[in-house]
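Quick note: residue numbers are just sequence positions, from 1. Counting starts at 1 for both ligands and their atoms, following the listed order.
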Amino acid sequence: MNDKNNAYGEVLEILDQTANLLGLEEQDYLRLKYPEREMKVSIPVEMDDGSMQVFEGYRVQHSSVLGPYKGGIRYHQSIDPDEMRTLAAWMTFKCAVVNVPFGGAKGGIKVDVTELSKNELERLTRAYTSLIYPIVGPETDIPAPDVNTNAETMAWFMDAYSCLRGEPTPAVVTGKPVELGGSLGRADATGRGISLMAREICKKHGLPFKGARVAVQGCGNVGRSAVRNLHRSGCKILALSDVSGGIYRDEGLDIEQILELFSENPEQLLKDYHSPGIRRIPREELLIQDVDILVPAALGHQIKGEVAPHIKAKVIVEGANAPTTIEGDKILAKKGVVVVPDILANSGGIIVSFFEWIQNLYSLKWEEYDINQKLETIMVEAFNKVWQKADQHCTSLRQGAYLIALDRLITATKMKDLNQQRMQVVSSPSPN
Ligand SMILES: NC(=O)c1ccc[n+]([C@@H]2O[C@H](COP(=O)([O-])OP(=O)(O)OC[C@H]3O[C@@H](n4cnc5c(N)ncnc54)[C@H](O)[C@@H]3O)[C@@H](O)[C@H]2O)c1
């Protein structure tokens, strides 16, 4: 786990660096180096042809210092324990930076979703739920959608969990369909947050936000909602990509038309989208388009050492989790490219997930306008705090965000430890 060559090694490196800046001893943050719990499950699923397949699944709970564990469930052929640990740790930092009372977790199944039918995916989700049932719940660990999972997946998860528990338990997951207790504004929250962060960073750098030229990598939950919100805020989306390739149009893509296609068929691929004036680009080239704002919103580790020198955007707003490697980040900093880091930029989803959870726990139904207002208040406040912290330490926004997150985590840990010591004093038998 301490191997600095794996992705979790990057977490440890950043943790050490940040602790150093805060003047912490290793003892102060040692527990954050280790996920609190890791569960690996083997998930048997009956396939449509009657055969049986067994899939590998995980749930990693990194830290519960600030509250119940919270984190998405990802379905992807490449996931492994190292990736799960890393993403779980990022969730701990993400909740801390925006001051949402959740800890960090992540789960996933090693599966190529394109090879399974919808019925098979449903059976897989229900079987996974029953296997991780002992460690999740509305008071303990609350999953949400992530790569290749969506509101429907959450509905299956919630139903399977409720059947096992013997009572309807909507608060066990967030990102559900609104009809099943999902929150208004949740589907769009991550993208709304990305657009807000793009607006704020442009303001700070004196770049015009309205009319800014944007490229977005990824057309899934996050990419689509980022595109929608940036477009509606007046930005010009020049380039867009997904796993099937990229498209570019100098005058700006017809975003309303593209979004319409996705609302008719969320599985739509850009290779099947045709419109006069668009130019096809290889998906790798999306990142190096001549734009003002780049939003990587697909997978992690896309902006590496090889591609970073060729990036032309002035500002990067990280929609995906960990889209920039440490090496890529260093190159961007030297080039003067400003990066709004993932743990701040894509926190809109977790914030509205928090609102969804509260509504479920207290059987409330908030108006979308109020949700969006609350989201904006929290994110803009978090942005300003990160900006100030980075400024104070003459460092990057990423480092500023980690400084705030780690400080909150350590303060909470110390308070808990103090109480634990007091309890031990109270409960220890008298020497007489
Ligand atoms: N879903 C959420 O609420 C949420 C919230 C915060 C962060 N995230 C993070 O955002 C990222 C995307 O999540 P999502 O939920 O949108 O996933 P998704 O599965 O809905 O979408 C992923 C998109 O990326 C595309 N893609 C895959 N490989 C690509 C490549 N090499 N080049 C270009 N495009 C590629 C896919 O075609 C798809 O359009 C992940 O890093 C995830 O952890 C998700």
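A donor-acceptor pair under 3.5 Å links the side-chain atoms of Ser353 to the main chain of Gly349, judged by distance alone. In terms of modelled atom types and a separation under 3.5 Å, the side chain of Lys335 and the main chain of Pro309 share a donor-acceptor contact.
At the top of the distance list for atom 20 (O) of ligand 1, counting protein heavy atoms only, stands Asn221 N, 2.9 Å. Summary of contacts: the protein heavy atom closest to atom 41 (O) of ligand 1 is Asn321 N, 3.0 Å. Among all non-hydrogen protein atoms, the one lying nearest atom 39 (O) of ligand 1 is Cys219 N, 2.9 Å.
A salt bridge is defined here as a Lys NZ or Arg NE, NH1 or NH2 lying under 4.0 Å from an Asp or Glu carboxylate O, and Asp48 with Arg123 meets this definition. Classification of Glu376 and Arg199 as a salt-bridged pair holds, one side-chain N sitting under 4.0 Å from a carboxylate O.
Cation-pi geometry between Lys374 and Trp366 is satisfied (NZ or CZ under 6.0 Å from the ring centre, within 45° of the ring normal).
Residue-ligand proximity: Gly300 is placed with every non-hydrogen atom at 4.0 Å or more from ligand 1. Under a 4.0 Å heavy-atom criterion, Glu284 is not in contact with ligand 1. Residue-ligand proximity: Arg186 is placed with a non-hydrogen atom under 4.0 Å from ligand 1. Taking 4.0 Å as the cut-off, Gly349 does not count as a neighbour of ligand 1 on heavy-atom distance.
Classification of the Tyr161-Tyr133 ring pair by plane angle, with boundaries at 30° and 60°, yields tilted. Between Trp90 and Phe93, the angle of the ring planes lies from 30° to 60°, which puts this pair in the tilted group.
When heavy-atom distances to ligand 1 are checked against a 4.0 Å cut-off, Thr190 comes that close only through its side chain, counted from C-beta outward. At a heavy-atom cutoff of 4.0 Å, ligand 1 is contacted by the backbone of Pro145 but not by its side chain.
Of the options Val113, Asn346, Leu299, Asp242, the smallest heavy-atom separation from atom 34 (N) of ligand 1 is shown by Asp242. Atom 32 (N) of ligand 1 has its nearest heavy-atom neighbour, among Lys106, Arg283, Arg224, in Arg283. The closest non-hydrogen atom to atom 18 (P) of ligand 1, taken over Pro296, Gly220, Ala226, Ala189, comes from Gly220.
Checking Lys94 against Asn321 by side-chain atom types alone, a donor-acceptor pair falls below 3.5 Å.
Of all atoms in ligand 1, numbered sequentially from 1 with element shown, those under 4.0 Å from a heavy atom of Ala297 are 12 (C). Listed by number with element, the atoms of ligand 1 under 4.0 Å from a non-hydrogen atom of Ser241 are 33 (C). Shown in contact with Ala298 at under 4.0 Å from a heavy atom are these atoms of ligand 1, numbered in order with element: 11 (C), 12 (C), 24 (O), 26 (N), 34 (N), 35 (C), 40 (C), 41 (O). Residue Asn148 approaches ligand 1 through these ligand atoms, each under 4.0 Å from one of its heavy atoms: 18 (P), 19 (O). For ligand 1, the atoms sitting less than 4.0 Å from at least one non-hydrogen atom of Val222 are 1 (N), 2 (C), 4 (C), 8 (N), 10 (O), 13 (O), 14 (P), 16 (O), 44 (C), numbered in the order shown with element in parentheses.
The number of heavy-atom neighbours closer than 6.0 Å to NZ of Lys110, taken from other residues, nucleotides and ligands shown, is above 12.
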